[in-house]
Protein chains: 2
Amino acid sequence: MREEETFVVPPLGGQSAEPPEGGTTNHIERLKLACQNAGLRMTHQRMEIFREVAQTDEHPDADTILKRVRERMPTISHDTVYRTLSSLEDMGLISRVDPVCGRARYDANSDAHHHFICTECGCIADVYLNDEIPLPEGIENLGRVESLHLQIRGMCHNCKNN
Amino acid sequence: MREEETFVVPPLGGQSAEPPEGGTTNHIERLKLACQNAGLRMTHQRMEIFREVAQTDEHPDADTILKRVRERMPTISHDTVYRTLSSLEDMGLISRVDPVCGRARYDANSDAHHHFICTECGCIADVYLNDEIPLPEGIENLGRVESLHLQIRGMCHNCKNN
DNA sequence: CTTAGTGCAAACGCTTTGCACTGAT
DNA sequence: ATCAGTGCAAAGCGTTTGCACTAAG
């Protein structure tokens with residue numbers, strides 16, 4: 001997996017129901033509200049870290065987030081990033097994407113969606129399904145199904161052409 | 001995630017196309033053949049490790065495999081387990097299951113299948129889909145799709161009742 | 001003022017690697 | 001006899017934790 005991928009999701013045909021996501025400014029409002037609900041304090045660090053994850057669809061890893069936040073906040077430490085990502089996840093503001101192999105990646109897109117993951121460069125793109133995934137009938141015998149996570153693995157456009 | 005899960009896949013209704021898997025003895029033959037093709041040597045360690053993964057549907061992690069193989073082969077080292085799992089994966093004999101969170105798990109079931117993963121105890125069960133997963137039309141714009149990995153997350157029967 | 005959150009440093013857990021010995025071919 | 005594979009030990013890497021200081025409420 002390469003280090004810094006600036007993967008931009010190519011325009012997908014008539015594929016996806018677009019996320020109902022609002023503008024960029026209400027990220028702070030969403031965070032503020034979520035912190036209040038969870039009884040957590042609203043700190044500069046939390047704001048900057050959430051902003052960084054919410055601003056992009058690149059699914060950055062912890063280290064990438066650290067580097068970007070440091071540009072505006074040079075004293076922030078890497079453990080604060082890890083702790084904050086963890087609490088943002090607990091608040092349901094972001095989710096952790098289990099990578100093909102390697103470090104965890106974070107996603108602030110809270111709409112039901114899946115991921116295309118390039119096995120070459122590790123870039124991740126959001127994918128929206130129009131139809132439901134057909135689970136087998138006996139699935140409840142295994143347990144209560146809570147969520148579906150589909151990883152569509154392959155080679156991305158960029159890697160194919162290089 | 002607990003340490004030693006002895007999760008047994010419950011009988012699933014009319015759910016799954018059973019894997020065409022043969023008996024237990026031909027594991028050694030499969031390994032021998034694969035090693036020859038790959039130009040690798042056939043060692044006791046490789047045999048024992050592959051046997052351990054091929055014998056169970058528990059999707060054990062590296063450490064569990066180490067412990068079990070040590071019962072018959074007390075001097076085997078943990079790095080040999082990691083190296084061997086890696087080469088078995090390269091040969092296509094086993095595959096690595098990205099866990100919900102935590103250590104990698106291994107699977108010798110080479111039929112197209114997906115996984116039910118309990119977010120409580122971490123147990124993994126194989127799931128066979130009768131119907132195809134409906135990918136969106138524009139998916140090729142993202143890249144060449146090579147494989148689909150569906151994680152059905154939830155709480156398993158055992159954890160639900162405890 | 002109180003106590004959650006931060007930064008530092010050090011530890012942690014899983015995995016990988018350098019090296020010399022062992023054993024499969 | 002040769003060299004891939006092994007075992008040992010130590011390092012590597014992402015992530016987590018203990019502690020005292022800082023700052024949000």
Side-chain angles (χ1 to χ4, degrees), chain A residues 1-4 28 31-50 59-67 69-70 72-91 93-94 96-106 122, chain B residues 1-4 28 31-50 59-67 69-70 72-91 93-94 96-106 122:
Chain A
M1 197 190 278
R2 288 177 210 155
E3 50 220 310
E4 279 287 325
I28 292 120
L31 177 59
K32 200 174 274 177
L33 215 78
C35 282
Q36 282 171 2
N37 288 340
L40 300 179
R41 291 178 185 172
M42 177 68 174
T43 65
H44 288 150
Q45 288 86 342
R46 277 209 241 271
M47 258 175 54
E48 291 299 331
I49 290 167
F50 180 53
H59 306 73
D61 59 38
D63 195 55
T64 302
I65 295 164
L66 173 64
K67 281 178 190 143
V69 172
R70 276 216 169 132
R72 271 165 294 121
M73 212 177 201
T75 63
I76 198 170
S77 65
H78 78 153
D79 45 289
T80 296
V81 172
Y82 280 107
R83 267 188 286 233
T84 301
L85 288 171
S86 179
S87 51
L88 292 176
E89 201 188 353
D90 290 343
M91 289 188 266
L93 290 171
I94 65 173
R96 192 186 178 124
V97 182
D98 291 320
V100 175
C101 200
R103 50 188 86 166
R105 309 266 300 244
Y106 291 87
Chain B
M1 196 189 277
R2 289 177 210 155
E3 50 221 309
E4 279 287 326
I28 290 119
L31 177 58
K32 200 174 274 178
L33 215 78
C35 282
Q36 282 170 2
N37 288 341
L40 300 179
R41 293 177 183 171
M42 177 69 173
T43 65
H44 288 150
Q45 287 86 342
R46 277 209 241 272
M47 258 176 53
E48 291 300 330
I49 290 167
F50 180 53
H59 305 74
D61 58 37
D63 197 54
T64 302
I65 295 163
L66 173 64
K67 281 177 190 145
V69 172
R70 276 217 169 133
R72 271 166 291 122
M73 211 179 203
T75 63
I76 197 169
S77 65
H78 77 151
D79 46 289
T80 296
V81 172
Y82 280 107
R83 268 189 285 233
T84 302
L85 288 171
S86 180
S87 51
L88 292 176
E89 201 187 352
D90 290 344
M91 288 188 265
L93 289 172
I94 64 173
R96 191 187 178 123
V97 182
D98 291 319
V100 175
C101 201
R103 51 188 85 165
R105 309 267 300 246
Y106 292 87

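Letters A, B, ... are given to chains in the order of the sequence lines, protein chains preceding strands, and every chain is numbered from 1.
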Quick check for you: to the nearest 0.5 Å, what is the distance between [X] atom [atom1] and [Y] atom [atom2]?
X	Y	atom1	atom2	value
B:T80	B:R46	OG1	CZ	10.0 Å
A:L66	A:D79	CG	CG	9.5 Å
B:L85	B:I94	CG	CD1	4.5 Å
B:M42	B:I28	CE	CD1	7.0 Å
A:I65	A:H78	CD1	NE2	14.0 Å

Open item on the list: Please determine whether a side-chain nitrogen or oxygen atom of A:S77 lies at a distance below 4.0 Å from atom OP1 or OP2 of C:dT6.
Closed with: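 Checking C:dT6 against A:S77, no side-chain N or O comes under 4.0 Å of OP1 or OP2.
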
Task: Selection: residues 78-89 of chain B, any non-hydrogen atom under 4.0 Å of DNA chain C - done: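 Within residues 78-89 of chain B, the residues near DNA chain C are B:H78, B:D79, B:Y82, B:R83.
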
TODO: Write down the atom of B:V81, the atom of B:A62, and the distance for their closest heavy-atom approach.
DONE: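 Heavy atoms only, the tightest pair is CG1-O, 3.7 Å.
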
Open item on the list: Just to verify, what does B:S86 make a side-chain hydrogen bond (donor to acceptor under 3.5 Å, both in side chains) with, not counting sequence neighbours?
Closed with: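 B:S86 satisfies side-chain hydrogen bond (donor to acceptor under 3.5 Å, both in side chains) with no residue once adjacent residues are dropped.
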
Quickly work out the [X] [atom1] to [N] [atom2] distance and round it to whole Å.
X	N	atom1	atom2	result
B:L66	C:dG13	CG	P	16 Å
A:I76	C:dG5	CD1	P	14 Å
B:I49	C:dT15	CD1	P	14 Å
B:M73	C:dG23	CE	C1'	12 Å
B:K32	C:dA24	NZ	C1'	13 Å
B:R105	C:dT15	CZ	P	11 Å

Task: Any side-chain donor near an acceptor of the partner, A:T64 and A:D61, under 3.5 Å - done: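 A:D61 and A:T64 do have a side-chain donor-acceptor pair below 3.5 Å.
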
Open item on the list: Expected output is a numbered-order residue list: members of residues 34-46 of chain A with a heavy atom under 4.0 Å from any atom of DNA chain D. What is it?
Closed with: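 Going residue by residue through residues 34-46 of chain A, the ones with a heavy atom under 4.0 Å of DNA chain D turn out to be A:R41, A:M42.
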
